[in-house]
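Let me begin by presenting the structure, written as structure tokens, before commenting on it.
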Number of protein chains: 2
Amino acid sequence: MKMRLSKKSEYACLALIDLSESYEKGAAKIEAISKRKRIPKKFLEQILIALKRAGYLHSKRGNDGGYWLAKDPGEIKVAEVLRLMDGPLAPVDSVSQYFYRPTPIERHPRLHCLFKDVRQQMIEKIEKTSFADLIR
Amino acid sequence: MKMRLSKKSEYACLALIDLSESYEKGAAKIEAISKRKRIPKKFLEQILIALKRAGYLHSKRGNDGGYWLAKDPGEIKVAEVLRLMDGPLAPVDSVSQYFYRPTPIERHPRLHCLFKDVRQQMIEKIEKTSFADLIR
DNA sequence: TCAATGTCTACTAGACTGGTAGAGAATAGG
DNA sequence: CCTATTCTCTACCAGTCTAGTAGACATTGA
């Protein structure tokens, strides 16, 4: 089994932390976030657009443009962001909550059950943790 | 974050389950395991060799050859097998127990801590579960 | 010697990751 | 209306990983 936090997820979290830290202090430019959190700018662009499309951010173009949070940091859970960036959190599709699909492992109930537990254990914490929790 | 059980790990577990089921009943042929558990034969070969090299199996060639467990099923933990097949279990190297390496996430202690917890929660169950537990 | 089986090395198609490049569209100030 | 600044969109790419396949070789027992 491989559990990996992709750079995309990692950068998305760092960007949201940055925006949470300056919540209600106006728009932040890509350039600024990129420098503060050391994220490649063009890569960050794509990530912010994805977050915007998913409804987590607002933006404005032009001289005093930038991004800002569309929700309270307390309402954005880490798990949502990881799912948005990398897809299902489950180790196999047959134990996935939102992306269920049958797999060979289902034929072996105990093994299936084990990975269901693993998923549950893992997910518990990140479904509770919000970005407000991360900046406190 | 992506948590994925690779086919390699999945097949390795199924093969070890098969061999656990016939523990002390003599050698099992690749062909037979392959058919019973529906694993591509040539792929299974490689997996069994890896398991043998790691000390989990013995083998014999020739007409009445095959593989059998080198240890009691109760002494083989699922976590060991997943590590052998796919490498570290940790989501980022900076929270890995056996493969530590620094990552950007370390600069943000709360995030770092979160993923340390995630790893711990996830690993707990598979470090306790043995193949004897899976066939009971 | 031969047939059956495990062992070893090499190869590969396709997907994914972590980016980069460059043109286009909105916005505000002058 | 012009321009600078910023976000937006599409395309591309090199390297790595996954899930295998192919084929020759080594060992064993009858």
Side-chain angles (χ1 to χ4, degrees), chain A residues 1-15 19 26-35 37-54 56-68 70 82 84-88 91-93 103-105, chain B residues 1-15 19 26-35 37-54 56-68 70 82 84-88 91-93 103-105:
Chain A
M1 181 158 49
K2 196 156 255 168
M3 173 167 51
R4 258 189 77 249
L5 187 67
S6 69
K7 289 294 172 194
K8 210 170 165 186
S9 287
E10 185 170 348
Y11 293 155
C13 287
L14 288 172
L19 290 167
K29 298 186 202 313
I30 295 181
E31 182 80 35
I33 301 173
S34 161
K35 284 211 170 119
K37 293 294 189 278
R38 298 181 225 172
I39 305 171
K41 192 185 161 192
K42 293 297 271 180
F43 198 14
L44 179 58
E45 274 185 11
Q46 298 173 9
I47 292 165
L48 293 175
I49 286 177
L51 288 170
K52 184 191 171 184
R53 287 189 181 141
Y56 295 106
L57 304 178
H58 290 310
S59 66
K60 208 176 85 179
R61 305 189 201 192
N63 214 327
D64 56 347
Y67 282 96
W68 63 98
L82 301 189
L84 178 65
M85 293 293 131
D86 295 339
V92 287
D93 290 345
T103 69
I105 226 179
Chain B
M1 182 157 48
K2 196 155 256 172
M3 173 168 50
R4 258 189 77 249
L5 186 67
S6 69
K7 289 295 173 193
K8 210 170 164 184
S9 288
E10 185 171 348
Y11 294 155
C13 287
L14 289 172
L19 290 167
K29 299 186 203 312
I30 296 182
E31 182 80 36
I33 302 173
S34 161
K35 283 211 170 121
K37 294 294 190 276
R38 299 183 223 172
I39 304 170
K41 192 186 159 190
K42 292 297 272 181
F43 197 15
L44 179 58
E45 273 185 11
Q46 297 173 9
I47 292 165
L48 292 175
I49 286 177
L51 287 170
K52 184 192 171 181
R53 286 192 182 137
Y56 295 106
L57 304 179
H58 290 310
S59 67
K60 208 176 81 177
R61 304 191 202 190
N63 214 325
D64 57 346
Y67 282 97
W68 62 96
L82 302 188
L84 176 65
M85 292 294 131
D86 296 339
V92 288
D93 289 345
T103 68
I105 224 180

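Lettering of chains follows the sequences in order, A, B, ..., and the numbering in each one begins at 1.
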In whole Å, I'd like the distance from the NZ atom of Lys29(B) to the P atom of dG29(D).
12 Å

Starting from C1' on dT18(D), measure out to CG on Leu82(B) and report it in whole angstrom.
16 Å

Return a single string for nucleotides 14-30 of chain C, one symbol per nucleotide in 5' to 3' order, where B is base contact, S is sugar-phosphate-only contact and - is none, cutoff 4.0 angstrom on heavy atoms.
---SSSBBB-BBBBS--

With a 4.5 Å cut-off on side-chain heavy atoms, are Glu10(B) and Pro104(A) touching?
yes

Over how many whole Å does the gap from Ile30(A) atom CD1 to dT8(D) atom P extend?
7 Å

Taking CD1 from Ile49(B) and P from dT5(C), how many angstroms apart are they, rounded to a whole number?
16 Å

What is the distance, rounded to the nearest whole Å, between atom CD1 of Ile33(B) and atom C1' of dT5(C)?
12 Å

Tell me, please, which residues at least two apart from Glu45(A) pass salt bridge (Lys or Arg N to Asp or Glu O under 4.0 Å).
Lys42(A)

Between Ile39(B) and Ala15(B) the two heavy atoms that sit nearest each other are CD1-N, 4.4 Å

Rounded interatomic separation in angstrom, taking CD1 from Ile39(B) and P from dG20(D):
10 Å

Rounding to an integer number of Å, can you tell me how far Ile47(A) CD1 sits from dC7(D) P?
14 Å

Over 12 non-hydrogen atoms of neighbours within 6.0 angstrom of NZ in Lys37(B)
yes

Check this one for me: any side-chain N or O of Arg53(A) less than 4.0 Å away from OP1 or OP2 of dC9(D)?
yes

Provide, to the nearest angstrom, the distance between the CG atom belonging to Leu51(A) and the P atom belonging to dT8(D).
12 Å

For Asp86(A) and Ser9(A), does a side-chain donor sit closer than 3.5 Å to a side-chain acceptor?
yes

In terms of ring plane angle, is the pair Phe43(B) and Tyr11(B) parallel, tilted or perpendicular, where the classes change at 30° and 60°?
perpendicular

